Student: 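Handing you this structure, nothing more for now.
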Amino acid sequence: MPTPPRLRALTFDLDDTLWDNQGVMSRTEAGHYAWLDDQLAAWLAPQPGEHQRFSDVISIERYQAHRQQLARQHPLRRGDFTWIRERALVELLETYGLSRASAWLWAALTMPRFHAWRLQVSPYPEVEPLLQSLTRQYRLAAITNGNLAFHRLDLSRHFEVIIAAGEMFAPKPDARPFLATLGRLGTKPAEALHVGDSWKEDVLPAIRLGMQAAWIAPHAEPDPTLPEGVHQLSHVRDLPALLAKLGR
């Protein structure tokens, strides 16, 4: 039986792999919407007439539903979450009563607040030393469906390649962000292992390309029937032990 090639590259999902993203998104969603609501109220206050608050007319749930509708209407953009959010805000601000120009202005002012909240992630304590250690043996890349401005975080310095899959109109599980990453690294699929928490978006596309996959599944029972090349972990901190076990 031929010896498997040595691993040369590790590719990582970000959200819920290197940090817990649930709280981040809850704060981000509420934070940027509240900012828009407060700023609009202050802007409209001196103008003639009575003005209902934006949040009283357009609930945050309606904003979320409108984004889903836009994703269905524009399937190529379904993973470009920044575009979808900004477009949804423009259309809902027009529904609220603003002119097209004012709607675009307020949407454009709101999105930097969204991205500022989105950046307030807290990587697991083990992540920084883990990545620092891994860079000594492997080339590292990140493949994310999220619209986090990851390059603005200090943690990004460990990654040679960062792919925002939605912005290339090919969100995971599409194979193209994986192929683009491998191409930029100059690495064959068999020489790479992908680390992620989603079975559908991380594990399946990786192994279909011939990569190995470390599935971060903290709440799943150990499964001895996993496909060849899939390794179940409870946390990213367990990755070094897996790499030592693989001997590569």
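From a predicted model like this one, the values you see are computed outputs, not experimental measurements.
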Student: Counting C-beta onward and ignoring hydrogens, is there a side-chain heavy-atom pair between Val195 and Leu18 closer than 4.5 Å?
Tutor: no
Student: Kindly assign one of parallel, tilted or perpendicular to the pair Phe54 and Tyr33, based on the angle between their ring planes and the thresholds 30° and 60°.
Tutor: tilted
Student: Is there a donor-acceptor contact under 3.5 Å linking the side chains of His231 and Gln212?
Tutor: yes
Student: In terms of hydrophobic clusters joined by side-chain contacts under 4.5 Å, are Phe159 and Leu148 together?
Tutor: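 Yes; tracing contacts between hydrophobic side chains, which count when under 4.5 Å, links both residues.
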Student: Hey, what's the ring geometry for Phe150 with Trp19, parallel, tilted or perpendicular (30° and 60° as the breaks)?
Tutor: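 Plane angle between 30° and 60°, so tilted.
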Student: Atom CZ of residue position Arg53 - does it have more than 12 heavy atoms of other residues, nucleotides or ligands inside 6.0 Å?
Tutor: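 More than 12 within 6.0 Å, yes.
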Student: Are side-chain heavy atoms of Thr135 and Leu140 found at a separation under 4.5 Å?
Tutor: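 The answer is yes, as the side chains (C-beta and beyond) meet within the 4.5 Å cut-off.
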Student: State, yes or no, whether a side-chain contact exists between Thr82 and Arg87 at a heavy-atom distance under 4.5 Å.
Tutor: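 Sidechains of Arg87 and Thr82: no contact.
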Student: Quick check: do Asp13 and Ile143 have side-chain heavy atoms less than 4.5 Å from each other?
Tutor: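 No. Closest side-chain heavy atoms not under 4.5 Å.
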Student: With salt bridge (charged side-chain N to carboxylate O under 4.0 Å, His left out) as the test, pick out the partner of Glu160 among Arg184, Arg139, Arg8.
Tutor: Arg139
Student: Please check if the distance between the ring centroids of Tyr63 and His32 is under 6.0 Å.
Tutor: yes
Student: Can you give me the closest heavy-atom contact between Leu209 and Pro189, atom names plus distance?
Tutor: O-CB, 3.1 Å
Student: Are the side chains of Val24 and Arg27 in contact, using a 4.5 Å heavy-atom criterion?
Tutor: yes
Student: Strictly under 6.0 Å, is that where the ring centroids of Trp106 and Trp43 end up?
Tutor: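 Yes, the ring centres sit under 6.0 Å apart.
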